[in-house]
**Q** 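For reference, the structure I am asking about is given below.
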Amino acid sequence: MEKLYFGILSTSSIAPRFIAAVRAAGAGEVVAISSRSLEKAREKAQLWQIPTAYGDHNELLADERINIVYISPVNAQHYRWAKAALEHGKHVICEKPCTTSAEHTKELFALAAEKGLFLMEAEKMLFLPTLLEVRRRIENGDLGQIHMVEMSHSFSAAYNTWMFDKSAGGGPLLSSGIYAVQLLIWLFGEIKSIRGERSTNEMGVEWQYILSGEMENGVLFSAKNSTQAILDNTARIYGTKGWVEIPEYWKARRAAYHFPGKPEEVAEYPCEHELVYEVEHILKCFEQGLLESPVVTQRLSVAGITMLEKIKEQWREE
C-alpha cells in the first residue's frame, strides 16, 4: 500500500479535526496546507504543526509529495477543487456535501474511475460506533418494525460568515440536511417522497427548514434544522417494540434505548476525535486497494444530493 501524504485544501473550521484524526489513526502524514491567503496558511500551519503552507490551492495540488487531498472550503467550491485535485492525479476526500448537484457528483466519480483514483465524500456519521450499533439493533429486530423517524439539528452560524451566502452554497439545507437524508438512506434504503418548508433571510437563503417524507419501505420521517432557535439536537427512531434516542446524531457518542416496562438501556462510545473512525475506514480502503468506499458509495453520495436538489426545486417553484 502506498503511504498517504495528505494535503489539506482550506483552513476551514473542520480541517483541524480531520488533521487530528489522521494523526490519531496513524493514517499517514499531513505535509501541507493551503489557503487563499499565504498569511492565513502560515498561521494555521504553525498552529497545526504542518511543515508547508501555500497561499494558493493550485500550489498545493502541484506539490509532488502529496498523493491525497482533503477538500473542505465552502460548499460551492467542493466541485471545483475536487475536480482539480483529481486532474492533478491526487486521491480525494471531499467534505460533505461532495458537490452541490448530482450531475457534478457523478462527474467527479467518473473522473476518479477514469484516472484510477480514490474519491470519497467525508460523511463521518456513518462510521461512528454508536450509529453502527443502532443499525445493527434495527436489523436484528430489537426495536421491531420501524415506522417513524424524527431528527432535529440547530447551530449558530456566526462562525461561518459564508453560511447565508447563496453563491458560496450557503444555507443549512446543504450543510446539515445532507446528514439527515444520508442517514435515512443508509438505514432504510431509498427515499420515496420528500418535501420541505423553510424560512428565508432577506437574501433568499433559508435559515431554518423542516423536511418530511416517506421511505420506500413505508417509514415516515421528519427532519428540522434552525440557525436561530435552539432545538434538542436529537434523532429518534420509533418501532413496534421500542424506540432509540440519539443525541447529536451527526457526531453521536451515545444512544438510549427505550422498551415498555424496562429500564432505559444506554450505550456510550466516548472518543476524542469523532472523525478518527472515518479516517480508519479510508486507510482500510487503501490497504484493500479500493477506489470507492463500500460505505459512502457513489450511489449514496448521488442519492443524498439528489434529495436536496428536489427540495431546492420545490422552493424555486413556490
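This is a predicted model, so every value here is computed, not measured.
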**Q** Evaluate side-chain hydrogen bond (donor to acceptor under 3.5 Å, both in side chains) for Asp56 paired with Ser34, printing each intermediate quantity in order.
**A** CA-CA 6 Å; Asp56 185 315; Ser34 62; over 6 Å; no
**Q** Could you walk me through whether Val92 and Leu108 pass the side-chain contact (heavy atoms from CB on, under 4.5 Å) check?
**A** CA-CA 10 Å; Val92 169; Leu108 290 183; over 6 Å; no
**Q** About how many Å separate CD of Glu190 and CE of Met307, when rounded to the nearest 0.5 Å?
**A** 7.5 Å
**Q** Kindly assign one of parallel, tilted or perpendicular to the pair Phe18 and Phe6, based on the angle between their ring planes and the thresholds 30° and 60°.
**A** perpendicular
**Q** Would you call Thr130 and Arg254 a side-chain contact if the rule is heavy atoms closer than 4.5 Å?
**A** no
**Q** Working to the nearest 0.5 Å, report the span between NZ of Lys166 and OG1 of Thr200.
**A** 8.5 Å
**Q** Would you check if the side chain of His78 reaches a backbone N or O of Glu95 as a donor-acceptor pair within less than 3.5 Å?
**A** yes
**Q** So, Lys90 side chain and Ile66 main chain: donor-acceptor pair closer than 3.5 Å or not?
**A** yes
**Q** Which pair of non-hydrogen atoms, one from Thr240 and one from Gly144, has the smallest distance, and what is that distance?
**A** OG1-CA, 3.3 Å
**Q** For Phe118 and Phe286, take the angle between the two ring planes, folded into 0 to 90°, and tell me which bin it lands in: parallel under 30, tilted 30 to 60, perpendicular over 60.
**A** tilted
**Q** So Leu211 and Leu173, do their side chains get closer than 4.5 Å, heavy atoms only?
**A** yes
**Q** Between Ile19 and Tyr70, does the side-chain contact (heavy atoms from CB on, under 4.5 Å) criterion hold? Intermediate values first, please.
**A** CA-CA 9 Å; Ile19 293 164; Tyr70 173 65; over 6 Å; no
**Q** Might you confirm whether atom CD of Gln228 has over 12 heavy atoms from other residues, nucleotides or ligands at distances under 6.0 Å?
**A** yes
**Q** Run the side-chain hydrogen bond (donor to acceptor under 3.5 Å, both in side chains) test on Thr100 and Asn75 for me, step by step, so that the C-alpha distance in whole Å, both residues' side-chain angles and the decisive distance to 0.1 Å come before the verdict.
**A** CA-CA 7 Å; Thr100 58; Asn75 293 333; over 6 Å; no
**Q** Establish, from distance only, whether the side-chain atoms of Gln208 and Ser199 form a donor-acceptor pair under 3.5 Å.
**A** yes
**Q** Is the distance from the ring center of Phe188 to that of Phe221 below 6.0 Å?
**A** no
**Q** Main chain of Asn233, side chain of Ser152: is a donor-acceptor contact present, judged purely on distance under 3.5 Å?
**A** yes
**Q** Please examine the side chains of Val149 and Leu187, heavy atoms only from C-beta on, and report whether any two atoms are closer than 4.5 Å.
**A** no
**Q** To the nearest 0.5 Å, what is the distance between CG on Leu128 and CD on Glu123?
**A** 9.0 Å
**Q** Within the side chain of Arg253, is there an N or O that forms a donor-acceptor pair under 3.5 Å with the backbone of Cys271?
**A** yes
**Q** Testing Leu183, Asp142, Ile237, Leu143 one by one against Val134 for a side-chain contact (heavy atoms from CB on, under 4.5 Å), which residue passes?
**A** Ile237
**Q** Would you confirm whether Asp165, through its side chain, and Gly170, through its main-chain N or O, come within 3.5 Å as a donor-acceptor pair?
**A** no
**Q** Determine yes or no for a side-chain-to-main-chain donor-acceptor pair under 3.5 angstrom, with Ser72 supplying the side chain and Ser12 the backbone.
**A** no
**Q** Identify whether the distance between the nearest side-chain nitrogen and carboxylate oxygen of Glu150 and Lys224 falls below 4.0 Å.
**A** no
**Q** List the atom of Val244, the atom of Ala255, and the distance in Å for their closest heavy-atom pair.
**A** CG2-CB, 4.0 Å
**Q** Which pair of heavy atoms, one from Leu283 and one from Ala25, lies closest together, and at what distance?
**A** CD2-O, 4.3 Å
**Q** Is there a donor-acceptor pair closer than 3.5 Å between any side-chain N or O of Gln182 and the backbone N or O of Gly304?
**A** no
**Q** Would you find more than 12 non-hydrogen atoms of other residues, nucleotides or ligands less than 6.0 Å from Glu264 atom CD?
**A** yes
**Q** Please confirm whether the backbone N or O of Val296 pairs with a side-chain atom of Glu121, one donor and one acceptor, at under 3.5 Å?
**A** no
**Q** For the backbone of Thr11 and the side chain of Trp48, can you confirm whether one donor and one acceptor N or O come within less than 3.5 Å of each other?
**A** no
**Q** So with a 6.0 Å cut-off around CD of Glu103, is the heavy-atom count from everything else above 12?
**A** no
**Q** Fit a plane to each ring of His153 and Phe155, take the angle between them on a 0 to 90° scale, and name the class: parallel (under 30°), tilted (30 to 60°) or perpendicular (over 60°).
**A** tilted
**Q** Could you give me the CA-CA distance, side-chain angles and deciding distance for Thr105 and Thr99, then say whether side-chain hydrogen bond (donor to acceptor under 3.5 Å, both in side chains) is met?
**A** CA-CA 6 Å; Thr105 300; Thr99 76; 2.7 Å; yes
**Q** Are side-chain heavy atoms of His147 and Tyr238 found at a separation under 4.5 Å?
**A** no
**Q** Can Arg236 be said to sit on top of Trp243's aromatic six-ring, NZ or CZ under 6.0 Å from centre and within 45° of the ring axis?
**A** no
**Q** How close do Leu231 and Ser226 get, heavy atom to heavy atom, and via which atoms?
**A** CD1-N, 4.0 Å
**Q** Please name the pair of heavy atoms, one in Gln314 and one in Ile194, separated by the smallest distance, quoted to 0.1 Å.
**A** NE2-O, 2.8 Å
**Q** To the nearest 0.5 Å, how far apart are NE2 in His88 and CG in Asn58?
**A** 6.0 Å
**Q** What distance do Glu278 atom CD and Phe127 atom CZ have between them, rounded to the nearest 0.5 Å?
**A** 6.0 Å
**Q** I want to check something: taking the side chain as every heavy atom from C-beta on, are Ile8 and Val30 in contact at a cut-off of under 4.5 Å?
**A** yes
**Q** Under 3.5 Å, is there a donor-acceptor pair between the Asp63 and Tyr5 side chains?
**A** no
**Q** Sequence neighbours left out, what passes ring-ring contact (aromatic ring centres under 6.0 Å, His included) with His104? Give chain and number order.
**A** Tyr79
**Q** A side-chain contact here means heavy atoms from C-beta on lying under 4.5 Å apart; do Leu174 and Ile305 qualify?
**A** yes
**Q** Let me see the working for Phe109 and Lys106 under side-chain contact (heavy atoms from CB on, under 4.5 Å), right down to the final yes or no.
**A** CA-CA 5 Å; Phe109 275 97; Lys106 291 175 185 177; 6.0 Å; no
**Q** Any chance you could lay out the salt bridge (charged side-chain N to carboxylate O under 4.0 Å, His left out) test for Glu309 and Lys312, step after step, and finish with the verdict?
**A** CA-CA 5 Å; Glu309 282 190 290; Lys312 285 186 172 290; over 6 Å; no
**Q** With no hydrogens and no angle check, is any side-chain donor or acceptor of Thr234 less than 3.5 Å from a backbone partner on Asp232?
**A** yes
**Q** Give a yes or no on whether a salt bridge exists between Glu139 and Arg135, defined as a side-chain N under 4.0 angstrom from a carboxylate O.
**A** yes
**Q** Could you measure the distance from the CD1 atom of Ile68 to the CG atom of Leu117? Nearest 0.5 Å is fine.
**A** 10.0 Å
**Q** Should we say atom CD of Gln288 is surrounded by more than 12 heavy atoms from elsewhere, each under 6.0 Å from it?
**A** yes
**Q** Whether Arg42 and Glu39 form a salt bridge (side-chain N of Lys/Arg under 4.0 Å from carboxylate O of Asp/Glu) is what I want to check.
**A** no
**Q** Can you see which heavy atom on Ala102 is nearest to which on Thr306, and at what distance?
**A** CB-OG1, 3.4 Å
**Q** With the side chain counted from C-beta on, respond yes when Trp207 and Met163 share a heavy-atom pair under 4.5 Å apart, and no when they do not.
**A** no
**Q** Glu87 vs Leu111, test: side-chain contact (heavy atoms from CB on, under 4.5 Å). Steps then yes/no.
**A** CA-CA 8 Å; Glu87 288 174 337; Leu111 179 60; 4.0 Å; yes
**Q** Are any of the side-chain heavy atoms of Ile311 and Tyr209 separated by less than 4.5 Å?
**A** no
